[in-house]
Every structure is written in C-alpha cells, then in structure tokens.
Trainee: 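Sharing a structure with you now.
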Amino acid sequence: MQEDSPVRNWLYALGTGVVSLIFLAGSAPGYDEVLVFDDQVVQSYDTCITIGSGGSSESDCDEVATRETRYEEASPFGYLIAAAFALSSAFSVREALKGRNPASPGRGETLAPPPLPLNAGVSQSPQPAPQLRSAPIATPKPPAEQTVSSYTMPLNGTVRVWLRMRSSTPPANARDLGLMLTVVNGQILHNGQRTTTTTLWSNDLTNGTTVEFHATGPAPIASFTPVRLDSSTGQTTANTNGVRVETGTPTLLHCNTNGHHSTAEFVVEIAQS
C-alpha cells in the first residue's frame, strides 16, 4: 500500500493546526460589552418598555438600555474540539518526520563517494584565526503604555487595593465621574458591605479609599471600568470608556468616557496595600 508523502502530511498538519487555533481563540474567556435593561441582557433591536408614574412608554433598547462590560466564561466544548484538531495535527507532524530522508540510500542503491575538494593533497599554510567582534548590546525598551476598555487585576486570596483620584476634568454632559468595580469568582468588601459590583464616584476617590477583594473561586479577577453619571438622563454609562495604563509605583489609570483616543477626563492612582 502506498504511504502518504511527507508534503501531504505537512499540509494536513498545518491545516488542522490552524483550525485548532481558531477554536481555541473562539472558546477563550473574556469580556464583552452588552446592553442591560432592568437587569436583563437585551439586543439593540429589541423594544424596551419603561413604566413610570405617567404610564408606560416603548422605545428602542439601544436608546434606554445601559452598556456594561461583562465577563463570559470559557466554552469547554470548544476546547475539546481544539484539542482534537491539535492531536490530529501532531500525528500528521510525526508521520511527516518519519518520511524517507532524501540523503539516505534506498533499497538496492549505493551512495557515490563525495567529490574531493580542488585543493586536496596540497599543503596549505595555517590561516590566522578570525577575530571576533563583540556585538553591541541592545538596551531594552520600556514597556509601551496600553489603552484598554477596563483595567483588570488577577486576585490571589485576599487583596487590599488603595485608590485615589489625582485629577478630574468632567465634560459638560457629565454630572460625576468614577470607576465601576466588578469581580468574577470573588467578592468586594467596601464600607462594610459585600458585593460583586460597586461604583466609586469622585467623592469616594478624592481623599482616597481602600477596597478589599476576596477570591471565592478559580481564576478570580477584578475589573476597573471608567463610568460617567449623565447629567441629562441621570443614568450611569460606560459605552465609550477607555483606560490608558501607566505602570509604575503606584500605577496610574488615565480614564475617559468619550472614546479610547480622547484626552483623559480623570486620573486615578491604584496600588495594592
């Protein structure tokens, strides 16, 4: 029976490896921005009903719902599919490496002796050893600043975090600015209350405050998202937030609620105590 050629095995290994990486990336956990109305996740094309003292009104959820950043768990089924394709790719690599070496003789074949060099048998004077020059040592560059939607911090047991607002320049349409704290597989302890999400406004951050995080499950992580209190609607929004992280002691969060590339509206220093 004719065996598959090494080229075919390599191509199959490459294809299954790419498919495995696609499933692995699609199944990984992460944060996603969703619309929330009355504690329920809705779509922008849904109709939301608001009931007040003057009766009920209907409007598009895209206009009245709040945008929040929520954490999505990993997909075990996607990981299983990625593992299956990865095993298939590894098997194809092994089969390709077992293929015949073109330099080795086949059955009934003999290798011709290598040709002698042109200067064989001619005595040569010893050549001086080449001088080695030391290559210049590259100076490592400092890590570039990063702009993200939310600043995240992995937790290990109990972590105490100190936060203080260094400066604030609220836009005209914002009544107040602050940070929304959320935790996955953990709890937040602030002012004697335990919760999984809380918002620290400027009056909490101006003089500094301490927040305590407690891990309650595997891979706990805390998130810090800039939010504004809209002066016209009175709602908390975080739909175009951005954080430019300046690492140091302490770490500085240059926050804005008007797009990633806008000028920072307030700066918060954050440090573990």
Trainee: In the structure I gave you, are the side-chain heavy atoms of L200 and L163 within less than 4.5 Å of one another anywhere?
Mentor: yes
Trainee: Measure the spacing between OG of S167 and NE2 of H254 and express it to the nearest 0.5 Å.
Mentor: 8.5 Å
Trainee: Under a 3.5 Å cutoff, is there a donor and acceptor pairing between the side chains of H190 and T198?
Mentor: no
Trainee: Identify the heavy atoms of T236 and V227 that sit nearest to each other, and give their distance.
Mentor: CG2-CB, 3.8 Å
Trainee: Testing the basics here: between S223 and T152, what is the closest heavy-atom pair and its distance to 0.1 Å?
Mentor: OG-CG2, 3.7 Å
Trainee: Cluster question for you: counting only ILVMFWY and a side-chain heavy-atom cut-off of under 4.5 Å, with indirect links fine, are V161 and V148 together?
Mentor: yes
Trainee: Work out which heavy atom in W201 is nearest to a heavy atom in G178; give both atom names and the distance.
Mentor: CE3-N, 3.8 Å
Trainee: Donor-acceptor pair, distance only, cut-off 3.5 Å: does the side chain of T197 make one with the backbone of L181?
Mentor: yes
Trainee: Is there side-chain contact between W10 and R8, with heavy atoms separated by less than 4.5 Å?
Mentor: no
Trainee: E246 and T251: side chain to side chain contact (heavy atoms under 4.5 Å, CB included), yes or no, with the steps?
Mentor: CA-CA 6 Å; E246 181 181 347; T251 297; 6.0 Å; no
Trainee: Please evaluate residues R166 and L252 with respect to the criterion side chain to side chain contact (heavy atoms under 4.5 Å, CB included), reporting the C-alpha separation (whole Å), side-chain torsions for both, the decisive distance (0.1 Å), and the verdict.
Mentor: CA-CA 9 Å; R166 282 195 173 185; L252 298 181; 3.7 Å; yes
Trainee: Is any side-chain heavy atom of F91 closer than 4.5 Å to one of V93?
Mentor: no
Trainee: Between the side chain of R228 and the main-chain N/O of T257, is any donor-acceptor distance below 3.5 Å?
Mentor: yes
Trainee: Answer yes or no: is there a donor N or O on one side and an acceptor on the other, between the side chain of T16 and the main chain of Y12, under 3.5 Å?
Mentor: yes
Trainee: In Å and rounded to the nearest 0.5 Å, what is the CZ to CG distance from F266 to D176?
Mentor: 9.5 Å
Trainee: Is there a donor-acceptor contact under 3.5 Å from the side chain of N185 to the main chain of P218?
Mentor: yes
Trainee: Ignoring hydrogens and angles, state whether a donor on the side chain of S231 or R175 is under 3.5 Å from an acceptor on the partner side chain.
Mentor: no
Trainee: Can you see which heavy atom on P171 is nearest to which on E265, and at what distance?
Mentor: CG-OE2, 3.7 Å
Trainee: How many angstroms lie between OG1 in T225 and CG in L179, if you round to the nearest 0.5 Å?
Mentor: 8.0 Å
Trainee: Is any side-chain heavy atom of V243 closer than 4.5 Å to a side-chain heavy atom of P226?
Mentor: yes
Trainee: Can you tell me how far CD of Q235 sits from OG1 of T66, rounded to the nearest 0.5 angstrom?
Mentor: 4.5 Å
Trainee: Just verifying a value: how many Å separate N156 CG and Q272 CD, rounded to the nearest 0.5 Å?
Mentor: 9.5 Å
Trainee: Give a yes or no answer on whether the side chain of S92 reaches the backbone of S88 with a donor-acceptor pair at less than 3.5 Å.
Mentor: yes
Trainee: Side-chain heavy atoms nearer than 4.5 Å, only ILVMFWY residues, links allowed to pass through others: does that put V245 and M165 together?
Mentor: yes
Trainee: Is the backbone of S202 close enough, under 3.5 Å, to the side chain of T206 for a donor and an acceptor to pair up by distance?
Mentor: yes
Trainee: Give a yes or no on whether V19 and I81 share a hydrophobic cluster (residues Ile, Leu, Val, Met, Phe, Trp, Tyr; joining criterion: side-chain heavy atoms under 4.5 Å apart).
Mentor: yes
Trainee: Would you kindly confirm whether M153 and V267 end up in one hydrophobic cluster when ILVMFWY residues are joined by side chain heavy atoms under 4.5 Å apart?
Mentor: no
Trainee: For V211 and L189: C-alpha separation, side-chain torsions, deciding distance, then whether side chain to side chain contact (heavy atoms under 4.5 Å, CB included) applies.
Mentor: CA-CA 6 Å; V211 179; L189 178 60; over 6 Å; no
Trainee: Could you walk me through whether L177 and S168 pass the side chain to side chain contact (heavy atoms under 4.5 Å, CB included) check?
Mentor: CA-CA 8 Å; L177 299 172; S168 174; 4.1 Å; yes
Trainee: Distance from H214 atom NE2 to T216 atom OG1, nearest 0.5 Å?
Mentor: 10.5 Å
Trainee: Assign the ring pair F224 / Y151 to parallel, tilted or perpendicular, where the plane angle (0 to 90°) is split at 30° and 60°.
Mentor: tilted
